[in-house]
Amino acid sequence: MTCQRFGLYRGRGIHAIVVDMTTMTVRPTPSRTGSLPGTGPGVRVRVTYFPPNWFAAVMGTGIIAIAAHGLPWQPAGLSVVAVGFWLLACLVFVAVAVTTIGHWVADPAVARSHHGHRVVAHFYGAVPMAIMTVGTSTLLVGGGLVGRDVALGVDVVCWIVGTLGGVVTALVIPYRHLIVGRARVEDAFGGWLMPVVPPMVSASAAAILSGQLGAGWARDLVLGVGCAMFGLAVVAATPILVALVRRFRTGDHGATNMVPTWWIVLGPLGQSVTAMCMLAHAALHVVPAPVAGAIHEFAIAYGLVVWVIATAWIGVAALLTLRTARAGMPFAMTWWSFTFPVGTYVTGSSALALTLGRPVFEVAAVTGFAVLVAAWAVVAARTARGIVSGDVLRLPV
């Protein structure tokens, strides 16, 4: 392995070669005597490593609460399930945020090096999406516990912070790593979409938030920003999707631990269907009837086309995952790619069911939700096992 391929971290007397998004190999930098200053030969150096893709666990947990709230079929007890996952998402968010701060304090050189890494840097997009997931789930599900005003206030703050953060990731990370870095098609992986999906999450969150605001400039502003975020996300995601399709067609799908990231392709697809349908519903109360009608028609046409593409991609990604699993697919934090993207397909199907009232979308939403919960259970259990054993936290030497 070369440092040019995998990236080299230097800091606190160590050299760390990143081998994927969740592990690194650490080699002590020897002094002239052959050991670290003040240590003997063979001493292991403990280094914290907590990359931003851990925020995907917040996304994958919170999306279940959001999807459950909007599901066309509302059996008894589903609201309790939604509240439970909302609370869990909030707890996971706090834990991940605190641990991230601790990582920056303990090993700032390693933490800063995430910015320049060709794989890890893309997962900074998970941070604003996690923030907005917590905000939206609080507004939709948490109001009964914390009160409507508190839930609304939390969502407003989360939406503002997440929207600003999403604009930064959507513009800065692709420019730095894909354009300036002259990324090649053979380097493409699903994580390239992570920085550009946050504006689409912001668009759907804006549609939901605007419905909770009274008539006035604030509601109009939120809805207008949501429409702008939808456009930004489509423009930013389209060339990346083209590059991913070109990479996929070569037959080289990357290392086994990166295969789950191909599910991220569902993110901009399912989330854009959700956003467009929700924006169309919100526009009915803001813009003149003819304009609202045109937006509604566009939402139907766009939603149907993209939903079909997303459904087809689920089949492709599922076959690739099964084939890789048979050959051996070790657990990594990339497995969280099995959750949030599937959740966006569920919310998109639910939004189309609300818009068109067709049973096919209701069936797709309910089936997708069952798959989502099952996938979350597996990934969460493997993550918890890795935390207890230390496998996902310990740096192999």
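All values reported here derive from a predicted model rather than from experimental measurement. The chain is numbered in sequence order, starting from 1.
Leu88 CG to Ile64 CD1: the interatomic distance, rounded to the nearest 0.5 Å, is 8.5 Å. Rounding to the nearest 0.5 Å gives a distance of 11.0 Å between OH of Tyr345 and CG of Leu269. Distance check, rounded to the nearest 0.5 Å: OG1 of Thr133 to CZ of Phe55 gives 12.0 Å. Note that OG1 of Thr99 and CD1 of Ile387 are 8.5 Å apart. Values are rounded to the nearest 0.5 Å. Of the inter-residue distances, the one linking Ile295 atom CD1 with Ile300 atom CD1 reads 12.5 Å to the nearest 0.5 angstrom. To the nearest 0.5 Å, atom SG of residue Cys158 and atom CD1 of residue Ile131 are 7.0 Å apart.
Sorted by first and then second residue, the ring-ring contact (aromatic ring centres under 6.0 Å, His included) pairs with a member in residues 137-161 form an empty list; sequence neighbours excluded.
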Exercise. Are Trp336 and Thr383 close enough, and set up right, to give a side-chain contact (heavy atoms from CB on, under 4.5 Å), and what steps lead you there?
Worked result: CA-CA 9 Å; Trp336 282 99; Thr383 303; 3.1 Å; yes
For this session: Could you please spell out the steps behind the side-chain contact (heavy atoms from CB on, under 4.5 Å) verdict for Val156 and Leu209?
Result: CA-CA 8 Å; Val156 169; Leu209 177 59; 4.0 Å; yes
For this session: Check the pair Val373 / Val81 against side-chain contact (heavy atoms from CB on, under 4.5 Å), numbers first and verdict last.
Result: CA-CA 11 Å; Val373 173; Val81 171; over 6 Å; no
For this session: Could you walk me through whether His114 and Phe123 pass side-chain contact (heavy atoms from CB on, under 4.5 Å), step by step?
Result: CA-CA 9 Å; His114 298 331; Phe123 286 84; over 6 Å; no
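What you find for Ala65 and Val141 is that their closest heavy atoms are O-CG2, 3.8 Å. Across all their heavy atoms, Ser113 and Ala109 have their closest contact at OG-O, 2.7 Å. Of all non-hydrogen atoms in Pro72 and Glu362, the two that sit nearest each other are CB-CG, 3.8 Å. Leu372 and Ala67 get closest at one heavy-atom pair: CD2-CB, 4.4 Å. Taking each heavy atom of Ala68 and Leu78 in turn, the nearest pair found is O-CD2, 3.5 Å. A pairwise comparison of heavy atoms in Cys90 and Thr138 identifies SG-OG1, 4.4 Å as the closest pair.
The backbone N or O of Val235 lies less than 3.5 Å from no partner atom in the side chain of Thr238, so there is not a single donor-acceptor pair. Between the side chain of Arg219 and the backbone N or O of His285, at least one donor-acceptor pair lies under 3.5 Å. Side chain of Arg118 to main chain of Ala183: no donor-acceptor pair is present (N/O by atom type, distance under 3.5 Å, no hydrogens or angles). Formation of a donor-acceptor pair under 3.5 Å by the Thr61 side chain with backbone atoms of Ala89 is not found in this model. At distances below 3.5 Å, not a single donor-acceptor pair connects side-chain atoms of His281 with backbone N or O atoms of Ile208. Checked by atom type and distance alone, the side chain of Ser204 pairs as donor or acceptor with a backbone atom of Val201 at under 3.5 Å. Side-chain N or O atoms of Thr334 include none that pairs as donor or acceptor with a backbone N or O of Pro260 at under 3.5 Å.
Residues Val305 and Val316 share a single hydrophobic cluster, defined by chaining ILVMFWY side chains whose heavy atoms lie under 4.5 Å apart. Hydrophobic clustering (side-chain heavy atoms under 4.5 Å, transitive across Ile, Leu, Val, Met, Phe, Trp, Tyr) keeps Val94 apart from Met132. Under the 4.5 Å side-chain contact rule for hydrophobic residues, Leu352 and Leu284 do not share a cluster. Residue Leu91 is not grouped with residue Val58 when hydrophobic side chains (ILVMFWY) are merged at heavy-atom distances under 4.5 angstrom, including chains of intermediate members. When the side chains of ILVMFWY residues are joined at heavy-atom separations under 4.5 Å, either directly or via intervening members, Leu279 and Leu354 end up in two distinct hydrophobic clusters.
No side-chain heavy atom of Pro52 sits less than 4.5 Å from a side-chain heavy atom of Thr100. Side-chain contact between Trp86 and His69: absent, with no pair of heavy atoms (C-beta onward) separated by less than 4.5 Å. Within the 4.5 Å cutoff, no side-chain heavy atoms of Met129 are placed close to those of Gln271. Proximity of Met200 to Thr344: side-chain heavy atoms (C-beta onward) are nowhere separated by under 4.5 Å. Between Trp263 and Val342, the closest side-chain pair of non-hydrogen atoms falls below 4.5 Å. With contacts defined as side-chain heavy-atom distances shorter than 4.5 Å, the pair His296/Thr355 qualifies. In this structure the side chain of Met194 never reaches within 4.5 angstrom of the side chain of Tyr124, judged on heavy atoms. At a threshold of 4.5 Å between non-hydrogen side-chain atoms, the residues Tyr302 and Val234 count as touching.
Between Trp54 and Phe50, the angle of the ring planes stays under 30°, which puts this pair in the parallel group of the 30/60° scheme.
With respect to Thr250, the side chain to side chain contact (heavy atoms under 4.5 Å, CB included) criterion is satisfied by exactly one of Arg246, His253, Arg247: Arg247. Partner of Tyr175 under the side chain to side chain contact (heavy atoms under 4.5 Å, CB included) criterion, out of Ile179, Val172, Ile173: Ile179 alone. Applying side chain to side chain contact (heavy atoms under 4.5 Å, CB included) to Leu232 and the options Cys227, Ser202, Pro199 leaves one that passes, Pro199. Each of Val225, Val222, Leu221 was compared with Ser210 under the side chain to side chain contact (heavy atoms under 4.5 Å, CB included) criterion, and only Val222 meets it. Among the candidates Leu164, Val157, Thr163, the single residue satisfying the side chain to side chain contact (heavy atoms under 4.5 Å, CB included) test with Ile160 is Leu164.
Aromatic rings from Trp313 and Phe248 are positioned such that their centres are separated by under 6.0 Å. In this structure, the ring of Phe361 has its center less than 6.0 angstrom from the ring center of Trp307.
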